[in-house]
Amino acid sequence: MGTGQLTIDLDAIAANWAALDSASGSGTETGAVVKANGYGLGAARVARALAHAGARRFFVAHAEEGSAIRNALGRGPEIYVFSGHMRGDTDMLNDLDLIPMINSIDQLTRHFEALPDAPFGIQLDTGMNRLGMEPGEWMALRDIAVPRGPRLIMSHLASADEPDSPQNAAQLKLFRELTAGCGIPRSFANTGGILLGPEYHFELTRPGIGLYGGRPFADSRQVVQLDLPVIQTATVLEGEAVGYNATWVAEADTPTVTVQGGYADGILRALTNSGSLWADGVECPILGRVSMDLITADISGLSHVPRELSLLCPEQTIDAVADAAGTIGYEILTSLGSRYARRYAGRAG
Ligand SMILES: *Cc1c(COP(=O)(O)O)cnc(C)c1O
């Protein structure tokens, strides 16, 4: 096969959801964030695996993503839209029974006028200053919005992956103040928030990255394997260079392979001369620039030429690749390209 093979372990996703569900505690429901095409892994398959595991409430970034999830899951599960009720969303929200998380007075007005009987939620900004109603705005609207029975009131933590950050407790305190006594189910914790402890859990948690095998959920099962076929082998002689602009020069004769896969497949160019591929448990450093479709690696640690090398495998997690590229596991996953042959493993979904 001429393209890389991406294997997505749906059972691992289901197991990660179950582990985060038990970490969320018995009085708390655990939802699932499936935005960005299920963190790049395929929204429909991922959502079905999570529904199979027990998830009943799903979160997406915008209404179009909600449509893919509704088509995959059918009627029943609740689908919440973080961007709220945008101009032009009305029909899609209504036809597909999507629940907008209202972010402003403008959205609230639009929703009540266009779909007065349709469900909605409220998103509050407790300090991230990204999305959600400001505290003052909310306090002015609270007595109008709460009697109309929002399904959920939520806010999002900015530093949940840093347990020592004082921002966590400050946001928690404000969230409690803004929602005290309103009697509406609340949701505050993403993956990192679940790990901060029970006071962050409220009625519903919203894990994303932990479902897909990423930090900060250290006990997560790895979900993705990415294998890149070897196209060519060579010995680069001492003094010769590899790749665009000759950024790597051999200090000794070096056996190399070139594999199919490059930055057009989402293998970040920042891995140039810093990342590694793996084969049979042996690390094979990337030599020179990551090209659009190709990567060359040093196989001097191997006694044979493998048929493929892996970027993501048991030896190298999404976070290890992220560290080598100077980014986060979320970006590694959501960059995974569309040219791979995708295979879903496991019973779930
Ligand atoms: C992406 C997102 C989540 C999930 O966060 P993770 O860190 O991936 O667990 C939860 N809530 C909101 C509002 C988000 O945007």
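Note that ligands are numbered from 1 as they come in the structure, with each ligand's atoms numbered from 1 the same way.
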request  = Please work out which of the three classes, parallel, tilted or perpendicular, describes the rings of Phe188 and Phe202, given edges at 30° and 60°.
outcome  = perpendicular

For each nitrogen or oxygen atom of ligand 1, which protein N/O atoms lie closer than 3.5 Å, and how far apart are they, rounded to 0.1 Å?
from, atom 1, to, atom 2, distance (Å)
ligand 1, 7 (O), Asn190, ND2, 3.1
ligand 1, 7 (O), Tyr330, OH, 2.6
ligand 1, 8 (O), Tyr39, OH, 2.6
ligand 1, 8 (O), Ile209, N, 2.7
ligand 1, 9 (O), Thr191, N, 2.8
ligand 1, 9 (O), Thr191, OG1, 2.6
ligand 1, 9 (O), Gly208, N, 2.8
ligand 1, 9 (O), Ile209, N, 3.4
ligand 1, 11 (N), His156, ND1, 3.3
ligand 1, 11 (N), Arg206, NE, 3.0
ligand 1, 11 (N), Arg206, NH2, 3.2
ligand 1, 15 (O), Lys35, NZ, 2.6
ligand 1, 15 (O), Arg130, NH2, 3.4

inquiry  = Under a plain distance cut-off of 3.5 Å, with no hydrogens placed, do His304 and Asp280 share a side-chain donor-acceptor pair?
reply    = yes

query = Residues two or more places apart in sequence or in another chain: which of them pass ring pair (Phe, Tyr, Trp, His ring centres under 6.0 Å) with Tyr80?
reply = Phe59

ask   = Checking Gln171 side chain against Ala158 main chain: does a donor-acceptor pair fall under 3.5 Å?
value = yes

query = With a 6.0 Å cut-off on ring centres, are Phe112 and Phe120 close enough?
reply = yes

task = Check for a donor-acceptor pair, side chain of Asn16 on one end and backbone N or O of Leu211 on the other, with a separation under 3.5 Å.
result = yes

